[in-house]
Amino acid sequence: MDFQSVRQTAEQFNTSELMSLSELCKELSISVATGRNWLRSGKLHASSIIKNSAFFSSSYAAELKDSIQSGKDPSLKSRRNKKYISGNTVYNSYISDNSENAVTVQRIVSYIEDKDIEVTDDILCAVIAECAIQMIIGKQHKDGCTQGLLKYLQKALPECCLWFLIDDLIGMYSDLERVIMAHTQLFDFQFVYERTEDVLGLLYISLNDLKSRKATGSYYTPTKVVQRLCSQLFSMNDTKGRTILDPCCGTGNFILQLPPEISYDQIYGNDIDPVSVRIARLNYALKYNVSDWDTIYTHITERDYLSFGAEKKYDFIIGNPPWGYEYSEARKTELRKKYSVASGNTIESYDVFVEQGLSDLKKGGLLSFVLPEAFLNVKAHAPIRKKLLKFCRFQYIEYLGNVFDKVQCPCIILQVVLTNTVFSSIGTKICDTAREYTINTERAMTEECMSFSVTDEEYRLLKKMDGLKHKATLSGKARFALGIVTGNNKAYLSDKKTPDNEMILKGSDLRKYRFAPASNYIVFKPESFQQIAPTEYYRAPEKLLYRFICDQLVFSYDNAKTLSLNSCNILIPEIPGLEIKYVLAVLNSRCAQFYYKKVFNSVKVLRSHLERIPIPTAEKPVQDEIITIVDSILEAADTARIRDLYEKLDTIIAELYELGTEDYEIIKASMQGERSFL
C-alpha cells in the first residue's frame, strides 16, 4: 500500500484503536529512533497516516512482535532486541557474594529451564511466596521448611503475625494449590533467612527475567553499590530522628542495607510495581520486626511518585531511580506540565525523579541517587544540572564505572544537599576507583558540563587550555557524519574480497593516525542500508575517521575514500588556516585526550565533545613541521619508530598549548597505564 492510499484510508480507522509509532516501539522493545529508521526503510508499514503521523493496527503489531522474537523476518533478525532474550540469568551481584541463598536461586532458575517450565504470573507469585514463608518461619524458629506454601494454604502452619503479608502477596491468585501440584519439586528448594539480603528481590528479578524482559527502565542495583551509598551518606551525616525516603524502592534492597542504628519509623519506601511493593513490605517487616498493619502499609506504599510526590518533606531521599523509561505521549504531556526538566521531545526518567526528589526534601536535606555518569556531562541533562546548580551543594560524587550486570554504562553515586543558595564547589568530596580527593577551589560550573573528576591541579590545567589566546574549535567549522548502519551486518558484510565489493572499516580497525587493513567488505548500495550519510562524506578526498565507542580519542587519516560502519564515524575539519593533518595531530595528542577525559569522561565520543576541545592555532611553518612528522608516522612500519615520532609530536603540541614541563608531566601521569592505540 503506497503512502497516498494509506492516507486515504485514515477515515476508516478510529485512532483510539491504533498505535502511534512510539507506542509500537515500546511494545517491540526498540528505540523510537530505530522505529523511525525502519519506517523510512520500508521495514515498518503504517496502517494509516493521520496528520503526517504513522499509526499501526494492534494485529500488525502482534505479527511484527512475533517476527522479531522468532527471527522469522530476516530483515529484522539482526535487530532482534536483546530485551527479548531469556536464559539462565541470575543477577549474581544483586546480593552479597557470601549469601547462602544465591545458589538456591540459581538452582531454581536452572530447574525451570531444564524442565522448560513457562513462568506465568501465578508460578512467579507462588515461588516467591514459598521463599517468604520459609524466611518468616526460619527467622522465628531457626529451622526452615519446604513446601511451606502448600502447608500455608492447607492451614497447617502455626499462627504468625505476618501472615497477612503473605495473603496480600498471593491474594490475586485463587488456585495456587494446582500450581504446586503441577510443579511439586519447584517448592522443595530450601531458603534460609538473611537479615540484610534481598533474596526475595533476587528471586523476583530472576523469575521475571525468565518470563519476559521488557524495557521498563529497571536496573537492579548491586548490593555492593547500595551498601556503598548508604555507608557513605550516613557516615557523613547525622541520622538521629531524621526521615528517609526511597521513592523507587523496588523490592527494598536500599531499606535492607540501611545502618542498624536507623529505626523503622524513620524509613519510607514507595514503588509503582505491585509485586515489588509487597516484597518490600515483607523485607521491611522481617528486618525491623514490625507486624503492625498500619505502620507497614503507611511506610511502604504503592503509588506513582511522579503523579503524587511525597506526602511530606524528608531529610534524606535515596535510591536508584528508573533509567530510560519509555513514557507514552499522553504521559509525556502530563510530565511536561509538571516538571521543568521534561520540556524536550525525549524525557529521561531519572531527571524527572531528581527534580521531584528535590521538591520533597527539607531545606538542608540530602538526595543520594545512583545515576549514569552521563548525568554530569551529556547535553540532554543540562536542564536538571541547571536546577542542581541553582538550589544545591554537591557533597559527594563517586565514580563507580560499569557496575550493573550486562549493562555497559559507567555510573556514579551523586549526593547533593538542598541549600537554596548559590552553588559552591568547595568541600565536594570525590572518589573513583583509584583515588579520593576534596575540591578546595571555587570552580565555575555551568549546566553544559560539570568537571568533578579532576583534582584542583588538573582543573587549573583545563582552565589554562580553555584560556589559550590563539585557539579554535570545531564548533561550526567541521562536517560530521555517522558510519553506515546496514541493518543486517551478516547479510551485507563479507570477509572475502570480490570484484564487486570494497573494504569497510569498523571502529576496532582504527589506530591513531592509521587504520589496520580491514577484514570486512561490502557492496556499496546506499538505498539498501538502514541509515547512511550523504555519499560525499564517505568519498571525501581527505577525511578523519574516529572510534565512536571509546574512552580515548583515536583518529585515523583517510585519503582513499574508504567506507566505514557506524562504530567508525567521520570528521572533516574546516577550520580556516588549519590543515587537516595538523588537526589530526592535535586530536591524537595527550593534551586533547586529557581535556576529553577530564571534561567529559565518556565512553562515547560525541560531536558535542569534539566541538568543545580547544585546538591551538599555528603558523604555516609550525604546521608544516607537524605534518611532516604525521606523514612519517603514516609511512612508518616499525612500532618503535612510530612511538618515537609520536613522542616528538606530542611535545611540540604541548608547547602549542603553552604548557610548561610540570604541566605536561601532570598530563602524562594522568594518561599512564592507558592504551596508546598506536
Side-chain angles (χ1 to χ4, degrees), residues 373-374 376-377 397-403 408-412 430-437 449 451-462 464-465 506-516 544-557 567-569 571 583-606 609-610 612-615 629-630 633 636 639-657 659 661-678:
E373 195 173 303
L376 294 178
N377 50 48
I397 299 172
E398 182 166 352
Y399 292 85
L400 301 168
N402 296 312
V403 293
Q408 292 298 310
C409 180
C411 307
I412 61 170
I430 308 297
C431 179
D432 62 28
T433 54
R435 58 187 184 174
E436 292 187 14
Y437 53 91
C449 189
S451 299
F452 286 107
S453 60
V454 293
T455 64
D456 289 342
E457 191 67 9
E458 290 167 343
Y459 182 74
R460 179 186 63 80
L461 291 184
L462 293 175
K464 189 172 184 177
M465 294 172 74
K506 295 181 176 180
S508 57
D509 297 321
L510 301 188
R511 305 291 182 268
K512 289 191 174 184
Y513 297 99
R514 313 183 300 173
F515 50 83
L544 303 183
L545 299 168
Y546 64 94
R547 292 190 178 212
F548 173 54
I549 305 296
C550 196
D551 63 353
Q552 291 198 49
L553 300 179
V554 180
F555 283 83
S556 301
Y557 175 75
S567 58
C568 178
N569 289 346
L571 166 64
V583 175
L584 168 68
V586 172
L587 292 176
N588 274 334
S589 70
R590 286 191 182 94
C591 294
Q593 169 62 21
F594 173 80
Y595 191 94
Y596 166 73
K597 187 173 183 66
K598 298 303 178 181
V599 174
F600 306 111
N601 201 27
S602 174
V603 294
K604 290 184 179 180
V605 181
L606 302 179
H609 299 161
L610 297 178
R612 278 197 55 189
I613 295 173
I615 298 173
I629 301 173
V630 169
I633 291 175
T639 303
R641 170 70 172 156
I642 293 171
R643 290 188 182 278
D644 288 343
L645 290 168
Y646 179 82
E647 293 298 336
K648 181 178 180 181
L649 199 54
D650 209 51
T651 303
I652 297 171
I653 292 170
E655 291 173 357
L656 289 173
Y657 275 106
L659 299 175
T661 303
E662 290 185 5
D663 294 339
Y664 185 47
E665 288 302 320
I666 290 171
I667 288 176
K668 288 175 69 175
S670 73
M671 302 292 106
Q672 201 164 20
E674 293 191 355
R675 186 178 171 186
S676 66
F677 288 98
L678 292 172

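As a basis for the values below, the full set of heavy atoms in this structure was taken, side chains included, without hydrogen atoms, waters or symmetry mates.
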Aromatic plane relationship, Tyr513 with Tyr646 - under 30° parallel, 30 to 60° tilted, over 60° perpendicular: perpendicular

Do side-chain atoms of Asp509 reach the backbone of Phe515 as a donor and acceptor pair under 3.5 angstrom? no

Do Val586 and Tyr657 have side chains that get closer than 4.5 Å, going by heavy atoms? yes

Flag if over 12 foreign heavy atoms under 6.0 Å of CZ, Arg460: yes

Mind listing the closest non-hydrogen atom pair of Glu458 and Ile666 along with its distance? CG-CG2, 4.3 Å

Mind checking whether Phe594 and Ser589 have side chains closer than 4.5 Å, heavy atoms only? no

Which heavy-atom pair separates Ser453 from Tyr437 by the least distance, and what is that distance? C-OH, 3.0 Å

Minimal heavy-atom distance between Phe677 and Cys550, with the atoms involved, is CZ-SG, 3.8 Å

Sequence neighbours excluded, the answer for side chain to side chain donor-acceptor pair (under 3.5 Å) partners of Tyr595 is Asp466

Check whether Tyr596 reaches the backbone of Ser602 with its side chain - one donor and one acceptor, N or O, closer than 3.5 Å. yes

Closest contact, heavy atoms only, Arg590 versus Ile667: O-CG2, 3.8 Å

Test salt bridge (charged side-chain N to carboxylate O under 4.0 Å, His left out) applied to Lys506 - qualifying residues, sequence neighbours left out: none

Check whether Arg514 reaches the backbone of Ala636 with its side chain - one donor and one acceptor, N or O, closer than 3.5 Å. yes

Minimum heavy-atom separation for Leu649 to Ala585, with atom names? CD2-CB, 4.0 Å

Could you check whether any side-chain heavy atom of Tyr557 comes within less than 4.5 Å of a side-chain heavy atom of Leu544, counting everything from C-beta outward? yes

How far does CD1 of Ile397 sit from CD1 of Ile430, to the nearest 0.5 angstrom? 4.5 Å

Glu674 meets the salt bridge (charged side-chain N to carboxylate O under 4.0 Å, His left out) criterion, sequence neighbours left out, with Lys597

For the pair Glu373 (side chain) and Tyr399 (backbone), establish whether a donor and an acceptor sit closer than 3.5 Å, ignoring hydrogens and angles. no

Nearest heavy-atom pair of Ser567 and Gly507: which atoms, and what distance? OG-N, 2.9 Å

Can you measure from CG (Leu678) to CD (Glu647) and round to the nearest 0.5 angstrom? 8.5 Å

Taking the side chain as every heavy atom from C-beta outward, state whether Arg547 and Lys512 have any atom pair closer than 4.5 Å. no

Do Glu398 side-chain atoms and Cys431 backbone N/O form a donor-acceptor pair below 3.5 Å? no

Sidechain N-carboxylate O distance under 4.0 Å for Lys464, Glu662: no

Does some side-chain heavy atom of Leu587 sit less than 4.5 Å from a side-chain heavy atom of Leu571? yes

Could you tell me the separation between the NZ atom of Lys598 and the OG1 atom of Thr455, rounded to the nearest 0.5 Å? 7.0 Å

Criterion side chain to side chain contact (heavy atoms under 4.5 Å, CB included) on Val630 and Asn588, from CA distance to verdict: CA-CA 11 Å; Val630 169; Asn588 274 334; over 6 Å; no

Are Thr651 and Tyr664 packed together at the side-chain level, in the sense that at least one heavy-atom pair is separated by less than 4.5 angstrom? yes

Sub-4.5 Å side-chain heavy-atom contact between Leu610 and Val605: yes

